[in-house]
Amino acid sequence: QVQLVESGGGLVQAGGSLRLSCAASTRTFSRYAMGWFRQAPGKEREFVASINWNGGTTYSADSVKGRFTISRDNAKNTGYLQMNNLKPEDTAVYYCAAGNTVAGLQKVGNVDNWGQGTQVTVSS
């Protein structure tokens with residue numbers, strides 16, 4: 001099991017930026033693919049982005065392409081989600097996730113470990 005702790009959420013105006021961080025408890029963090037999901041009130045949890053163990057392969061949802069960038073620093077056991085040009089529809093609780101494969105992490109059912117979530121609110 002990997003414990004994941006998100007930080008960096010907050011309130012921002014539309015068009016602004018935030019960077020989320022995900023700190024992992026294990027020194028074997030580099031063995032895992034990691035990703036980000038989000039869940040808005042009344043909606044299902046949805047995939048945002050994922051990255052493989054060395055950062056060489058990434059996937060992202062169409063709704064965030066060109067605005068969000070996922071990255072990781074294995075030396076710090078930390079993953080990141082840089083969010084630019086935020087829109088009100090990006091408002092949600094954002095969850096960090098870890099799993100076996102970068103492609104598999106596009107589905108909620110393939111997530112082995114979840115963080116507790118961090119709230120992102122974008123005002124219009």
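What you see is a predicted model, and the numbers here were worked out from it, not measured in a lab.
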Applied to residues 69-81, the salt bridge (charged side-chain N to carboxylate O under 4.0 Å, His left out) test, sequence neighbours excluded, yields none
Between atom CG of L105 and atom CD1 of I51, what is the distance when rounded to the nearest 0.5 Å? 11.0 Å
May I have the list of side-chain donor-acceptor pairs in residues 64-71 shorter than 3.5 Å, sequence neighbours left out?
residue: K65; atom: NZ; partner: D62; partner atom: OD1; Å: 3.2
residue: R67; atom: NH1; partner: N85; partner atom: O; Å: 3.0
residue: R67; atom: NH1; partner: D90; partner atom: OD2; Å: 2.7
residue: R67; atom: NH2; partner: S63; partner atom: O; Å: 2.9
residue: R67; atom: NH2; partner: D90; partner atom: OD1; Å: 3.0
residue: R67; atom: NH2; partner: D90; partner atom: OD2; Å: 3.4

Residue pairs passing the side-chain hydrogen bond (donor to acceptor under 3.5 Å, both in side chains) test where at least one lies in residues 98-118, sequence neighbours excluded: E6-Q116
Taking atom CD as the centre, does Q3 end up with more than 12 heavy-atom neighbours from other residues, nucleotides or ligands that are less than 6.0 angstrom away? no
Show me the pairs that pass salt bridge (charged side-chain N to carboxylate O under 4.0 Å, His left out) and involve residues 19-33, at least two apart or across chains. none
Residues two or more places apart in sequence or in another chain: which of them pass side chain to side chain donor-acceptor pair (under 3.5 Å) with E89? none
Contacts of type side chain to side chain donor-acceptor pair (under 3.5 Å), residue Y94, not counting sequence neighbours: R38
For the OG atom of S21 and the CG atom of L81, what is their distance to the nearest 0.5 Å? 9.5 Å
Same cluster or not: are L20 and F29 linked, directly or through other Ile, Leu, Val, Met, Phe, Trp or Tyr residues, by side-chain heavy atoms under 4.5 angstrom apart? yes
Could I get the full list of side chain to side chain donor-acceptor pair (under 3.5 Å) partners for T26, not counting sequence neighbours? T28
Sequence-distant partners of F47, ring-ring contact (aromatic ring centres under 6.0 Å, His included), two or more places apart: F37
Distance check, rounded to the nearest 0.5 Å: M34 atom CE versus Y80 atom OH? 10.0 Å
Output all residues satisfying side chain to side chain donor-acceptor pair (under 3.5 Å) with T58, sequence neighbours left out; order by chain, then residue number. none
Test side-chain contact (heavy atoms from CB on, under 4.5 Å) applied to V102 - qualifying residues, sequence neighbours left out: A33, S50, N52, T57, Y59
Share the residues that join W53 in a hydrophobic cluster, the rule being Ile, Leu, Val, Met, Phe, Trp or Tyr side chains under 4.5 Å apart at the heavy-atom level. none
Nearest heavy atoms of V2 and S25, plus distance in Å: C-OG, 4.1 Å
Test side chain to side chain contact (heavy atoms under 4.5 Å, CB included) applied to Q13 and P88, S123, S124, the passing residue: S123
So the disulfide bond (SG atoms under 2.5 Å apart) pairs with at least one residue in residues 77-124 (sequence neighbours excluded) are C22-C96
Residue pair A23 / T78: nearest heavy atoms and the distance that separates them: CA-OG1, 4.2 Å
